[in-house]
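Below you'll find the structure, written out as structure tokens, and then a few comments.
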Amino acid sequence: MDRPRLTLLSLVLALALFLALNLFTSIGLRGLRTDLTEGGLYTLSDGTRSTLSKLEEPVDVTLYWTETLTSEENPLLHTYARRVRELLEEYEANADGNLRLAVVEPLAFSEEEDDALAAGLQGPPIDNAGNRLFLGMVARNAVDATETIPFFDPSREAFLEYDLTRALTRLGEQGLPTVGIISSLPVAGGAPAAPGQPAAPAWAIWDFLSQTLQMRDLGAAATEIPEDVDVLMVIHPKELSEETLYAIDQFTLAGGRLMAFVDPFSIFDESAAGPMGMGGDRSSNLERLFGAWGVEMTNSQVVGDSESADAAQGNDGRPVRCPIVMRLEGDSLNADDLATRGLAAVMSFGAGDLRLRDDAPLTGSPLLT
């Protein structure tokens, strides 16, 4: 066989092999999913997998995406929209049939566009022809309850999985997560300072969390943690009894999730204020439990940093730089953790120094350094 024919035959065989390989991977390997992206963009967290496993009835998720318009008008948004779709496909693949995904392109003057607008999705007009730019989601459960994300804002990309999972949690008939609080401070509000006066309002953090969580004040003298508490928040634990410490310890040993906030000097601890607001012990700690966990904090010391120092009011009323009033930003914030990712700065006053001993059975991931 002459060389031209041999070359042509080789090209034909290569093309046939390429087509066969694509057909095999699209059919035979459809269920095999591997995330090779930097940072595992499509690797679901344990919390999301747990939420998906608890879906008892199918949830229909419709992604409204004007794909043609985003590719033409906004390539960066188009890339982000593809990530949203692929992450939802990962949800579908891990939901054991209880999440059904549909991707709809709501073109101008179509029924799909009417449905998207009726559901509350944001579709701003982008031209004089009546075209709108949609990138939103509607999730609907078996009893026709709905959760919507009006628009997937690229600035919230770091919280994409959180937003999706929160919407599914609300629809999965699993109930709102319950957060129990043990605190020596009136986080949930306090009794009136005097007869006839209104009760002290709850803190802003209590009101904020109450919007999406079931909050329960267990009191500073709690001797047991109810079984339905999903997360326990211990805030400024001051002079807790042995029974309360034991209940907290048993909760964590049983696999409960604990958020402990201790403070070497709490400016909100009014119970410690003596004459002129001075003289009392404003520190809190969980030394008995921390000792077993390998966690250390010195009650009598606060953290200061001259480079991070921010302005505070001096004795003469003029602002002065104060090392214990810190503005933490940049490398001082953990950009890899959801709690601090995307924050520009965090203000801190009289913060404590938490650290793990070398022999600690725990591992640590600092949020602020």
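The first residue in the sequence is number 1, and the count goes up from there.
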Rounded to the nearest 0.5 Å, what separates atom [atom1] in [X] from atom [atom2] in [Y]?
| X | Y | atom1 | atom2 | value |
| --- | --- | --- | --- | --- |
| Y162 | T169 | OH | OG1 | 9.5 Å |
| N141 | L99 | CG | CG | 11.5 Å |
| M215 | L209 | CE | CG | 4.5 Å |
| R49 | E90 | CZ | CD | 7.0 Å |
| N74 | I126 | CG | CD1 | 9.5 Å |
| D281 | E239 | CG | CD | 7.5 Å |

Has [X] got a side-chain atom pairing as donor or acceptor with [Y]'s backbone, closer than 3.5 angstrom?
| X | Y | answer |
| --- | --- | --- |
| S50 | G47 | no |
| T340 | L333 | no |
| N334 | P366 | yes |
| E105 | W65 | no |
| D249 | L245 | no |
| S308 | D305 | no |
| D263 | S283 | no |
| N98 | L55 | yes |

Taking the side chain as every heavy atom from C-beta outward, state whether [X] and [Y] have any atom pair closer than 4.5 Å.
| X | Y | answer |
| --- | --- | --- |
| V234 | F261 | no |
| Y91 | L168 | yes |
| R132 | L117 | yes |
| L87 | L160 | yes |
| S71 | H78 | yes |
| S183 | K238 | no |
| Y64 | D115 | yes |
| I248 | L232 | yes |

For [X], does the [atom1] atom have more than 12 heavy-atom neighbours from other residues, nucleotides or ligands under 6.0 Å away?
| X | atom1 | value |
| --- | --- | --- |
| D316 | CG | yes |
| E329 | CD | yes |
| D359 | CG | yes |
| R156 | CZ | yes |
| R341 | CZ | yes |

For T244 and S241, run side-chain hydrogen bond (donor to acceptor under 3.5 Å, both in side chains): C-alpha distance rounded to whole Å, both residues' side-chain angles, the deciding distance at 0.1 Å, then the answer.
CA-CA 5 Å; T244 301; S241 68; 3.0 Å; yes
May I have the step-by-step check of salt bridge (charged side-chain N to carboxylate O under 4.0 Å, His left out) for E242 and R288, ending in yes or no?
CA-CA 9 Å; E242 291 291 331; R288 294 287 300 276; 2.4 Å; yes
SB check D310 R321 (cutoff 4.0 Å):
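Salt bridge between D310 and R321, a charged N being under 4.0 Å from a carboxylate O: no.
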Is E296 paired with R355 through a side-chain N to carboxylate O contact shorter than 4.0 Å?
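Salt bridge absent between R355 and E296.
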Please report the closest heavy-atom contact between [X] and [Y], naming both atoms and the distance.
| X | Y | answer |
| --- | --- | --- |
| A260 | L286 | CB-CD1, 3.9 Å |
| D217 | A188 | OD2-CB, 3.8 Å |
| A145 | L171 | O-CD2, 3.3 Å |
| G350 | P264 | O-CG, 3.7 Å |
| N285 | M297 | ND2-O, 3.2 Å |
| P361 | G294 | CD-N, 4.3 Å |

Pair L135, L63 - check side chain to side chain contact (heavy atoms under 4.5 Å, CB included), show working.
CA-CA 7 Å; L135 181 58; L63 175 64; 4.3 Å; yes
Treating Ile, Leu, Val, Met, Phe, Trp and Tyr as nodes and any side-chain heavy-atom pair under 4.5 angstrom as an edge, say whether [X] and [Y] lie in one connected cluster.
| X | Y | answer |
| --- | --- | --- |
| L289 | L258 | yes |
| L44 | I149 | yes |
| F290 | I182 | yes |
| L240 | L218 | yes |
| V61 | Y80 | yes |

Consider only side-chain N and O atoms of [X] and [Y], and report whether a donor and an acceptor are under 3.5 Å apart.
| X | Y | answer |
| --- | --- | --- |
| D269 | S266 | no |
| E161 | T48 | yes |
| T51 | T165 | no |

Against V104, only a single residue in E113, E67, E112, E111 fulfils side chain to side chain contact (heavy atoms under 4.5 Å, CB included); can you say which?
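With V104 as partner, E113, E67, E112, E111 yield a single side chain to side chain contact (heavy atoms under 4.5 Å, CB included), made by E112.
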Pair W203 and F268, ring centroids less than 6.0 Å apart
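Between F268 and W203, which both carry aromatic rings, the centre distance is below 6.0 Å.
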Test log, rule salt bridge (charged side-chain N to carboxylate O under 4.0 Å, His left out), inputs R140 and D60:
CA-CA 5 Å; R140 180 174 285 105; D60 291 307; over 6 Å; no
Please assess R85 against V103 for the test side chain to side chain contact (heavy atoms under 4.5 Å, CB included), listing each intermediate value before the final yes or no.
CA-CA 8 Å; R85 183 189 66 188; V103 181; 4.0 Å; yes
L52 vs D96, side chain to side chain contact (heavy atoms under 4.5 Å, CB included): CA-CA, chis, key distance, verdict
CA-CA 8 Å; L52 294 174; D96 196 24; over 6 Å; no
Test log, rule side chain to side chain contact (heavy atoms under 4.5 Å, CB included), inputs M137 and L164
CA-CA 9 Å; M137 182 195 80; L164 292 174; 3.7 Å; yes
